[in-house]
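Here the structure comes first, spelled out in structure tokens, and everything after it is commentary.
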There are 4 protein chains.
Amino acid sequence: MRVLMACLWMSCFAMGAAAQNVPATRATDVVHYQGALDNVKYVFGVAQPVARLRLGNILEANSLDCFGNGIQKPGDTTAMAKGDNPLTGPFFIEGAEPGDTLVVRILDLQVDGKQGVGAFSPGFGAINSTHYTPVLEKEPLGEKIWFYPIDRADNTATFQALDSNYKVKIPMHPFLGCIGVAPANGEARSSIVPAEFGGNMDAPEVSVGNTLYLPVNVSGALFYFGDGHAAMGDGEIAGSAIEVPMRVRLQFDVVKGKRTGWPRFENEKEIMTTGIYRPVDDAVRIAFTELVTWIHADYGLSELDAYELLSKVAKIHLTEMVDPNYVVVASVEKKYLPRK
Amino acid sequence: MRVLMACLWMSCFAMGAAAQNVPATRATDVVHYQGALDNVKYVFGVAQPVARLRLGNILEANSLDCFGNGIQKPGDTTAMAKGDNPLTGPFFIEGAEPGDTLVVRILDLQVDGKQGVGAFSPGFGAINSTHYTPVLEKEPLGEKIWFYPIDRADNTATFQALDSNYKVKIPMHPFLGCIGVAPANGEARSSIVPAEFGGNMDAPEVSVGNTLYLPVNVSGALFYFGDGHAAMGDGEIAGSAIEVPMRVRLQFDVVKGKRTGWPRFENEKEIMTTGIYRPVDDAVRIAFTELVTWIHADYGLSELDAYELLSKVAKIHLTEMVDPNYVVVASVEKKYLPRK
Amino acid sequence: MRVLMACLWMSCFAMGAAAQNVPATRATDVVHYQGALDNVKYVFGVAQPVARLRLGNILEANSLDCFGNGIQKPGDTTAMAKGDNPLTGPFFIEGAEPGDTLVVRILDLQVDGKQGVGAFSPGFGAINSTHYTPVLEKEPLGEKIWFYPIDRADNTATFQALDSNYKVKIPMHPFLGCIGVAPANGEARSSIVPAEFGGNMDAPEVSVGNTLYLPVNVSGALFYFGDGHAAMGDGEIAGSAIEVPMRVRLQFDVVKGKRTGWPRFENEKEIMTTGIYRPVDDAVRIAFTELVTWIHADYGLSELDAYELLSKVAKIHLTEMVDPNYVVVASVEKKYLPRK
Amino acid sequence: MRVLMACLWMSCFAMGAAAQNVPATRATDVVHYQGALDNVKYVFGVAQPVARLRLGNILEANSLDCFGNGIQKPGDTTAMAKGDNPLTGPFFIEGAEPGDTLVVRILDLQVDGKQGVGAFSPGFGAINSTHYTPVLEKEPLGEKIWFYPIDRADNTATFQALDSNYKVKIPMHPFLGCIGVAPANGEARSSIVPAEFGGNMDAPEVSVGNTLYLPVNVSGALFYFGDGHAAMGDGEIAGSAIEVPMRVRLQFDVVKGKRTGWPRFENEKEIMTTGIYRPVDDAVRIAFTELVTWIHADYGLSELDAYELLSKVAKIHLTEMVDPNYVVVASVEKKYLPRK
């Protein structure tokens, strides 16, 4: 038995090893960078790097919110947004070459402001007429914007209803909606798109303590990030999270000569694969063939034993069902797997 | 703004109230019933009731496993199964009439045996060629069966790999894969199908502490259950859970004159809706229009405020992606909602 | 290489032969039956036969329109419909036993009235909010009904716009939207559902000159028909065709000991398979694995040669994308196939 | 009633008028260009134009086949292909600016060689395990290549089975699989992708006598073409057509100040819209909301009258279900529409 194009999947055993044993000689210098409206990008693609990092370097930088910080107070409209999902970057990672896997450790994420923003925009969302799932309707739903005051002391953002006086506090779980590299095959993709290169995955898994693996498609990988979220529900169903500027602290490494077909995550307790496409059914198929392949390659179970075990203990997380592609994260706790 | 066919959705406020305040005068007699191969059914439909219960009655009964207990030891094959998903029932619930909602409280579930069974059957599964997603292949994957010894003392079932010596314990979370009533419109549906009437939802939410709401389509509702699971991963991706016979303790009530369009769940902390169809995208759309409608009707938020709030705090659970229809449970914690 | 569950597919060579060589001794008696509101059914399932036919018999009968002839003049509403898709039948076909294939030859179809009806019903359609693809909307689209005067002399029905004075004649192509048998596994399905047993396929292929093959699931097959259409666009996108009562002339035969997994069609020039499910993608997959299998089994091409040839000459017809399952007909002209 | 983002759709009435009434003063000079391996491109995006054309100019040029003419004889493999879908272009169309619609008239297409090629590549196809719909399988299907001798005298290409001696002639219908412009939003897309900008639509509608409308996203439009097909079945299900080099004769025009959201086609008899996405369901929804909008805007029927009329007379053509996005063409004959 064999999974389609298994030859493209990396052997993650080696990768994991590399990721955990960064040679002491590698630099851990900190590179600082300030993202701003005059240096952000709106596509994941090949562009002039804004900075270069060596393996082991730590990047301290910031991102604007998904509206380019253009929506600030009641009365503001989405027309005032400075583009969608402005990206900080690209960063050239020295030593990352096509065929390698980029390792990104999420060391710290801090919401960079006093409020978050949520917006319903006609044509975007999981349960309304959209660009890719259009329906005839008598009159379109109108645009709406919500503001979420942030309380750092108790780590919450507050939802305030527009049509009543109801308020409720929501615990913050900061993560980056956008994180990725230049795509393969010479493509350049809008920052609203998630795909094999990462991108707008809107995955809460892009949070402190997790490591992200991305394919390297061009020399230097050309890493971008943005679209900070203070918190988000599964599916991001109305089309936005609690949108915030973010301060980030990330560390980079590379697995040489091993390439991942799709983004993967890992932490002390879990391994996680992604499937990014439409319909959700296909995203699930991608994520699970990936997970079976990973377990088979690195943990030694046969593919059918892995399939069976996952049928008993796997988790599925539908991170968003609103972007041009949908994103599923499949995961399994390492405690259920043989030792590597 | 209005959700499609909102007139069909129940006002769950009234329902919840009824469910929580069963009049003291109602009977809490216990009805005992023994499910066995000679009395099980294989469709959810109209059939002669095996017992009648009054509102408030408790049912103590049992179900065979999804193979009719026909697979017991290494060497046994799925051809030895006594049908798929034999159902215990139907039970006639006195006072349940079309247009009402049946309330089922899951009081207790006990795995009724010393081992569970897992099986991979060609043509069934989330990431292999299937009846409804067929592909050309050189040679089909063959059937495989795994046995899971059960340890009641530590509440685990043990996975034992077929192709290596690996073993690992899996915590048990007993639930019923099948639970439902006679369908609407004179239909009768196979016990492998989930749909508006419940059925083979394979939802771990059918577990102790949760209350299930089902539409009543015929006089007496005609309630069935079966397909006990000791534990299951999200999506039930290889096509089976840890399949076990089960002993159940259930209590019934009715919300008069209110009808739910799709099954719903509730417990002290959460309200949960289901969406049951293909592709998963549509299942998600059903579950969330239901959840928006429920919150609007019973908790007083406007529909767009509810939509926005869910975009920040909702959960999505893909329970299975292998049966003829796929099942999604959307949920929100009550702590995020206004008081009723 | 092997198609999933190929063992279930009939060898259509033998079937075709049988269908073409009805023994001269078989009866060609004509059985007359009058469908009416007091004898129609609303599910495909097991019910008392209204008549029995021997192999070779011809059935001359009629069906009501999909509204039970309940909508007749401007001002009438869909609430006046006598159920959805009333079915004439069931007819017991002597000699048809489970495991056989029922052969239905469409000898004649005549529109049985002076006008046709089209209706848009909220919650039903390909590009509006529906029961299975619901979306939030500000205000639902309202119900609308169009009447189509029928001119037998020039074989047309006339579309008359409701919101302007525009009229245009549409050539008639009479066919039956509903045609099928009792389902397998003890199921009973609503007459709005198409599936393996046929049913509400809304396929213009159910027209004069074509032969339909259906699986036999119960003794006597229990054949039903209804939902006559004077003409219909691909996809039946607004949810209705030009709905008419119909007079039919059908002849029955059986292929013994061969079972088709899904409905198939055949005429002098083409062989046609169906795929009936959601999303359309899966319906296409079903129809084409069927067609590859048929060509391989009866015409002798290898499966990959058949796959390649179809990639150059096959046709796909999406008959409807509005019912609970969607229907695709895949076909190839016999002139492209080896002689049997 | 209103279609989502109707404000983005062009008024095609004006467009059609412009397309049909090219001012006599416009140049009809012929621009010649020779596509070759050293000047083809592999993405639709911004690149240095290879030539500039004025409105009304005719382009006479050629394209390599989808394998870069790299597969020529038995024994050759897909590894010998010079990339996938090499594109001739880009051509800068003077006067085409963002917000306009590019008009491309297909004046002539001639197969440019003596044979065509068909190939089955593992991981690509409608009914096998693929990159975006992967399944576990025991052993993958292997690569296969078919050669199609071309007979210009009788306008046929001959299929020759690999696993038997069977041969059959297929009538040629030459068209371009790839035709499009630089995408919007700074994106660059691989030449295997169809989307809003056109691209790898694999639409037989790109043939002599038809006019194609494309959105202009950058100054000069930057027009590309390639991937000639001598003939193709609906869905291109095994992943290839009869692949050929092509000689083309195209004429360009522009509708100023009107933008089409998706590619459209028109000829004397029909208007045609495209929907390009996954699943097919969404492609159909896009194509039909487009067609309703077009009829409403240019032919004056109300949207619901248009919806109803299409439900009776529309056609759906699934051109391919194998590329990263699927393509549907919805059409209606002009004889069914009011005069403009």
Chain A contact via B/A119 - which portion, at a heavy-atom distance below 4.5 Å: backbone
A/K335 versus chain B, the contacting section by heavy-atom distance below 4.5 Å: backbone
More than 12 heavy atoms from other groups under 6.0 Å of CG on A/D84: no
Proximal component of A/A241, with respect to chain B [non-hydrogen, under 4.5 Å]: backbone
Between CH2 on residue B/W146 and OG on residue A/S311, distance to nearest 0.5 Å: 9.0 Å
Residue selection (most heavy-atom pairs with chain A, distance under 4.5 Å) from B/E308, B/E320, B/H317: B/E308
Interchain contact, A/F288 with chain B, by part (heavy-atom threshold 4.5 Å): both
Donor-acceptor pair, side chain of B/D234 and main chain of A/I316, under 3.5 angstrom: yes
Side chain / backbone / both / neither for A/Y166 at chain B, heavy atoms under 4.5 Å: side chain
Greatest number of heavy atom pairs closer than 4.5 Å to chain A - which of B/I127, B/I242, B/L318, B/V332: B/I127
Among the listed options B/G118, B/S164, B/P338, B/A314, the residue most often paired with chain A at heavy-atom distances under 4.5 Å: B/P338
Region of A/K144 that comes under 4.5 Å of a non-hydrogen atom in chain B: side chain
A/V168, part contacting chain B, at a heavy-atom distance under 4.5 Å: side chain
From CG (B/L309) to CD (A/Q160), nearest 0.5 Å: 12.5 Å
CG-CZ distance between A/N128 and B/R285, expressed to the nearest 0.5 angstrom: 10.0 Å
N/O donor-acceptor pair under 3.5 Å between B/Y307 side chain and A/I237 backbone: yes
A/M232, part contacting chain B, at a heavy-atom distance under 4.5 Å: both
Part of A/D282 within contact of chain B (heavy atom distance under 4.5 Å): neither
Validation row: A/Y326, B/D281 side chains within 4.5 angstrom (heavy atoms): yes
Minimum heavy-atom distance between B/Y336 and A/K169, given as atom pair plus value: CE2-O, 3.6 Å
A/R152, CZ atom: more than 12 neighbouring heavy atoms under 6.0 Å: yes
Over 12 non-hydrogen atoms of neighbours within 6.0 angstrom of CG in A/N165: no
Gap separating the CG atom of B/D163 from the NE2 atom of A/H296, nearest 0.5 angstrom: 10.0 Å
A/D305 (side chain) donor-acceptor with B/L162 (main chain) under 3.5 angstrom: yes
Chain B contact via A/L301 - which portion, at a heavy-atom distance below 4.5 Å: side chain
Chain B contacts, top residue of A/V284, A/V328, A/I286 (heavy-atom pairs, under 4.5 Å): A/V284
Exam field: side chain B/K312 to backbone A/S240, donor-acceptor pair closer than 3.5 Å: yes
